[in-house]
Amino acid sequence: MNEVEQQFASDNYAGICPDAWAAMDEANRGHATAYGADQWTAKASDAFRDLFETRCEIFFAFNGTAANSLVLASLCQSYHSVICSDSAHIETDECGAPEFFSNGSKLLLAPSTNGKLTAGAIRSIATKRSDIHFPKPRVVSITQPTEMGEVYTVDEIRAISEVCRELGLRLHMDGARFANACASLDCSPAEMTWQAGVDVLCFGGTKNGMAFGEAVIFFDSSLAADFDYRCKQAGQLASKMRFLAAPWVRMLGNGSWLRNAAHANACARRFAEAAAHVPRVHLISKVEANAVFLKMPESMMEELRSRGWVFYTFIGGGARFMFAWDSLPVRINALVEDLKDLGRSVV
Ligand SMILES: *Cc1c(COP(=O)(O)O)cnc(C)c1O
């Protein structure tokens, strides 16, 4: 057995949720047509069209790096550029895949403390240069919720898309935790995306409780031209596509996508409220999704680690704790108790 006690280092430490697992089991009862020409893929695409209340083009990729990179590659020529926050996953955690798949489109970074881009920052980056020597801005990419666990309001997204439209830029949303944003904001998936001016959304399934799989949703069908070829060429066309698609059919159908995310968000809030009362521990960012970032003395972090807790500090300048669909109250309490204990004792 190599089972580990539940940790909050990453929401990807969690396993597959019962609904995703059951859906794969159901899809496993016999043969089906390969490469996405099966009934689950068709049903999953329809489920997305129902959820977003619009006609849209849907594709399934194995992971978020591929989904984001291939979308950006399809929106850009090699001489184009993509405006994003300096903490965007596409910049910090995709090993140059967006530049690789786009044959060199450059990422233009806006400094940010909470991972958010603003309309003003986009305007200043996009209008700074317009000469032929500089890569031409073509796309804006925002992460919803951000890598720091904050959520763009619908008004903030609208303000961004207005600048995009004015300057001829396309708007991409990295929604690796899109479900958490939906659970956090009191608005529909449609209001947060195409109705607010988002052109393409990468909707994460993995962090929502699936084994793997992200859906790419083009709200402007003309942008989806040949995207299937791009996926195939990049090794992202699943021959047994039904196993990527079936979990979406069930989870969008019965609402567990939103319940999973709401649970994770609630766990983060509950942990943050308790942690904020511990001496010498401070919240670094707002807790609006399933992430909690804490600033505390080095010695406290060391002690936490020596008590067996695993967490990362390479994002956001603090200790990051992520909560998942299966986060257990008893483990959250145990972490809080250790923090309180160290808050009292460690110098
Ligand atoms: C997890 C994550 C992704 C996807 O990462 P993969 O490991 O490629 O699946 C993309 N964007 C953000 C913000 C993420 O947190």
Side-chain angles (χ1 to χ4, degrees), residues 7-16 20 59-73 82-102 107 109-110 112 114-117 139-152 157 171-184 192-193 198 200-217 231 234-236 238 243-244 247-248 257 260-261 264-265 268 285 287-293 311-316 320-325:
Q7 295 285 347
F8 306 110
S10 166
D11 30 3
N12 280 335
Y13 277 34
I16 304 167
F59 301 86
F60 298 95
F62 287 107
N63 62 28
T65 299
N68 285 335
S69 302
L70 296 176
V71 164
L72 296 174
V82 176
I83 298 171
C84 64
S85 135
D86 58 0
S87 56
H89 198 269
I90 56 170
E91 157 69 9
T92 63
D93 286 290
E94 299 191 353
C95 197
E99 295 91 331
F100 174 74
F101 282 110
S102 62
L107 302 185
L109 310 180
S112 150
N114 58 4
K116 282 190 184 179
L117 272 182
V139 180
V140 167
S141 178
I142 59 176
T143 308
Q144 175 76 325
T146 71
E147 289 74 6
M148 292 296 293
E150 297 198 9
V151 174
Y152 286 92
I157 298 170
L171 183 54
H172 162 248
M173 180 180 276
D174 173 353
R177 300 185 182 90
F178 183 72
N180 300 90
C182 291
S184 175
M192 211 198 293
T193 55
V198 172
V200 194
L201 167 69
C202 296
F203 189 151
T206 315
K207 286 166 183 154
N208 193 219
M210 295 178 197
F212 34 63
E214 320 277 299
V216 175
I217 303 168
C231 287
Q236 290 291 318
F243 297 107
L244 285 186
W248 288 109
W257 70 283
N260 281 357
N265 290 359
S285 54
V287 179
E288 295 175 338
N290 64 328
V292 177
F293 287 81
F311 54 91
Y312 301 123
T313 52
F314 65 88
I315 304 171
R320 186 189 77 157
F321 298 92
M322 302 296 304
F323 299 86
W325 63 271

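Order of listing sets the numbers, starting from 1, for every ligand and every atom in it. Counting from 1, the numbers follow the sequence of the chain as shown.
Here the protein heavy atom with the shortest distance to atom 7 (O) of ligand 1 is Thr65 OG1, 4.3 Å. Nearest protein heavy-atom contact of atom 10 (C) of ligand 1 is His89 ND1, 3.3 Å.
An N or O contact shorter than 3.5 Å links Lys207 to ligand 1 by distance. Considering backbone and side-chain atoms together, Asn12 places no N or O closer than 3.5 Å to any N or O of ligand 1.
For the residue pair Glu214/Asn63, the side-chain donor-acceptor check at 3.5 Å is not satisfied. Using modelled atom types, one finds no donor on one side chain facing an acceptor on the other under 3.5 Å when comparing Thr92 with Glu147. In summary, the side chains of Asn290 and Asn265 do not present any donor paired with an acceptor at a separation below 3.5 Å, with no hydrogens or angles considered.
Taking the six-membered ring for Trp and thresholds of 30 and 60 degrees, Trp248 and Phe203 have ring planes more than 60 degrees apart, a perpendicular arrangement.
Atoms of ligand 1 lying under 4.0 Å from any heavy atom of Thr143, numbered from 1 in the order shown and given with element: 13 (C). Heavy-atom contacts of Asn63 reach the following atoms of ligand 1: 8 (O), 9 (O) (cutoff under 4.0 Å). Residue-ligand proximity, Arg177 to ligand 1, at heavy-atom distances under 4.0 Å covers atoms 15 (O).
Taking 4.5 Å as the limit, some side-chain heavy atom of Ile142 sits within range of a side-chain heavy atom of Leu171. A heavy-atom distance below 4.5 Å is found between the side chains of Phe323 and Phe8.
Distances from atom 6 (P) of ligand 1 to the heavy atoms of Gly64, Gly213, Ala61, Gly115 show the closest one on Gly64. One option in Thr92, Ile315, Thr146, Asp174 has a heavy atom closer to atom 11 (N) of ligand 1 than any other, and that option is Asp174.
The shortest heavy-atom distance from Glu214 to ligand 1 is not under 4.0 Å.
Paired with Arg177 under the rule side-chain hydrogen bond (donor to acceptor under 3.5 Å, both in side chains), one option of Asn208, Thr146, Asp11 passes, and it is Asp11.
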